Amino acid sequence: MRVGRRARRAAGPSAPLEMALRRRPGQALRTPTAALPAALLFLLLRGCLIGAVTLKSSNPNPVVQEFESVELSCIIMDSQTNEPRIEWKKIQDDQTTYVFFDNKIQGDLAGRAEVLGKTSLKIWNVTRTDSARYRCEVVARNDLKEIDEIVIELTVQVKPVTPVCRVPKAVPVGKAATLHCQESEGYPRPLYSWYHNNVPLPTDSRANPRFRNSSFLLNSETGTLVFSAVHKEDSGQYYCIASNDAGSARCEEQGMEVYDLNIGGIIGGVLVVLVVLALITSGICCAYRRGYFIHNKQEGESYKNTGKPDGVNYIRTDDEGNFRHKSSFVI
């Protein structure tokens, strides 16, 4: 026992190191060089990411009203190229045209657009024809991945103009009536609402107890207001409003009168007409029986057939071919 202790003491502080270096069969030796492959892999991936041009947009779907300005955002996130080549293209109706090429604005945007911050595109006084998809393309020659692109879809909203309204002037009680409202300029397509005596109408009269005496349906997409059977309460002033996200517009008020049918007056008028026709027919038959029409016919026939007067003969000469008058008396 003493010999063993002395031996361990003699070994000194190097004994634990020797024991640590001893490893069991199959046990991996841990050294600082074991983490080297992972570090190299990280550096390689980081180098690949930095060497690839990358784009992004702060607003890929901008919406703007007509005649305002808008910025189409295109931002370079990573690139090793100091002066990359920038191009903007407009895609509309399956046709692609240049907007920014060879460091200048092209096409219908010339004079009302510019490039901001190397890549973003700003447009002033946008119109409805500017609604389209715009593609930002960047070519970075010094990057491992040289080309990247993003697409931005621009929507230009257009305020509706004054709609065209058609309201029937007069409708008899119980008959159907249709009111029309139409607008063709607004974008997106406007929705329509009708007003009766400055009171907004619901889409279905049955859904509101206030209009229980009416029977109408309102189509807010087409602008038609259809009465299945009008009532006296439906008389009044009507107008329509077309509205979308850009604004609204209304037509002028138009009056519609709902009147009662005078059945007695209609029947009386029909009887008077029948009596007049009967009197005219009776008079014609009476005149025919008394011979007025026959006498006139005979006089017409005698007028057409000219007879030869007694005692006068007409003789045609052979030489002259003219008529010579000769008087004779018949005994």
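Please read these numbers as outputs of a predicted model, since none were measured by experiment. Values below: all heavy atoms of this structure, side chains included; hydrogens, waters and symmetry mates excluded.
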Is it true that a side-chain atom of [X] and a backbone atom of [Y] form a donor plus acceptor pair closer than 3.5 Å?
{"X": "Asp78", "Y": "Thr54", "result": "no"}
{"X": "Asp93", "Y": "Gln95", "result": "no"}
{"X": "His196", "Y": "Ser235", "result": "yes"}
{"X": "Ser57", "Y": "Asn59", "result": "yes"}
{"X": "Ser220", "Y": "Leu191", "result": "no"}

- Less than 4.0 Å between a side-chain N and a carboxylate O, is that true for Glu146 and Arg141? yes
Would you give the length of the straight line joining atom [atom1] of [X] to atom [atom2] of [Y], rounded to the nearest 0.5 angstrom?
{"X": "Cys74", "Y": "Arg135", "atom1": "SG", "atom2": "CZ", "value": "12.0 Å"}
{"X": "Cys136", "Y": "Glu87", "atom1": "SG", "atom2": "CD", "value": "10.0 Å"}
{"X": "Arg133", "Y": "Leu72", "atom1": "CZ", "atom2": "CG", "value": "13.5 Å"}
{"X": "Thr96", "Y": "Lys89", "atom1": "OG1", "atom2": "NZ", "value": "7.5 Å"}
{"X": "Ser131", "Y": "Tyr187", "atom1": "OG", "atom2": "OH", "value": "6.0 Å"}

- Query: Distance only, no hydrogens: is a donor on one side chain within 3.5 Å (strictly under) of an acceptor on the other, for Ser205 and Ser214?
  - Reply: no
- Item | Between Asp143 and Ser79, a side-chain donor and acceptor under 3.5 Å | yes
Restricting to side chain to side chain donor-acceptor pair (under 3.5 Å), what partner residues turn up for [X], sequence neighbours left out?
{"X": "Ser282", "result": "none"}
{"X": "Thr129", "result": "Thr127"}
{"X": "Thr119", "result": "none"}

- Task: Could you identify which residues cluster with Phe101, counting Ile, Leu, Val, Met, Phe, Trp and Tyr as linked when any side-chain heavy atoms lie under 4.5 Å apart, either directly or through a chain of such contacts?
- Result: Tyr98
- Fellow cluster residues of Val167, listed by chain then number, with links counted only when side-chain atoms sit under 4.5 Å apart: Val171, Val173, Leu179, Trp194, Val199, Leu201, Phe211, Phe216, Leu218, Leu225, Phe227, Val230, Tyr238, Met256, Val258
Does anything in [range] form a salt bridge (charged side-chain N to carboxylate O under 4.0 Å, His left out)? List the pairs, not counting sequence neighbours.
{"range": "residues 207-225", "answer": "none"}
{"range": "residues 109-126", "answer": "Arg112-Asp130"}
{"range": "residues 194-205", "answer": "Asp204-Arg206"}

Identify every side-chain donor-acceptor pair in residues 60-71 under 3.5 Å, counting partners at least two apart or on other chains, and give the distances.
| residue | atom | partner | partner atom | Å |
| --- | --- | --- | --- | --- |
| Glu66 | OE1 | Arg128 | NH2 | 3.1 |
| Glu66 | OE2 | Arg128 | N | 3.3 |
| Glu66 | OE2 | Arg128 | NE | 3.1 |

- Query: Can you find a heavy atom in the side chain of Thr224 that is under 4.5 Å from one in the side chain of His180?
  - Reply: yes
- Under a 4.5 Å cut-off applied to non-hydrogen side-chain atoms, are Leu121 and Ile105 in contact? yes
- Item | Partners passing salt bridge (charged side-chain N to carboxylate O under 4.0 Å, His left out) against Asp234 (at least two apart in sequence or in another chain) | none
- Item | Any residue meeting salt bridge (charged side-chain N to carboxylate O under 4.0 Å, His left out) with Asp108, in chain and number order, not counting sequence neighbours | Lys90
- Message: Let me check something: do Val138 and Val115 share a hydrophobic cluster, defined by ILVMFWY side-chain heavy atoms less than 4.5 Å apart, either directly or through other members?
- Response: yes
- Message: With clusters defined by side-chain heavy atoms of hydrophobic residues (ILVMFWY) lying less than 4.5 Å apart, directly or transitively, does Ile86 cluster with Val53?
- Response: yes
State, to 0.1 Å, how close [X] and [Y] come at their nearest heavy-atom pair, and which atoms those are.
{"X": "Tyr134", "Y": "Leu109", "result": "CE2-CD1, 4.3 Å"}
{"X": "Tyr239", "Y": "Cys251", "result": "CB-O, 3.6 Å"}
{"X": "Ala170", "Y": "Tyr259", "result": "CB-CE2, 3.8 Å"}
{"X": "Glu185", "Y": "Glu183", "result": "N-OE2, 2.9 Å"}

- Message: Are more than 12 heavy atoms, taken from residues, nucleotides or ligands other than Lys232, located less than 6.0 Å from that residue's NZ atom?
- Response: yes
Please tabulate, for side-chain N and O atoms in residues 147-166, each donor-acceptor pair with protein atoms closer than 3.5 Å (sequence neighbours left out).
| residue | atom | partner | partner atom | Å |
| --- | --- | --- | --- | --- |
| Asp148 | OD2 | Leu55 | N | 2.8 |

- Residue pair Gln106, Val99: steps toward the side chain to side chain contact (heavy atoms under 4.5 Å, CB included) verdict: CA-CA 5 Å; Gln106 308 280 342; Val99 172; 5.9 Å; no
- Task: May I ask you to check whether the SG atoms of Cys240 and Cys181 are separated by less than 2.5 Å?
- Result: yes
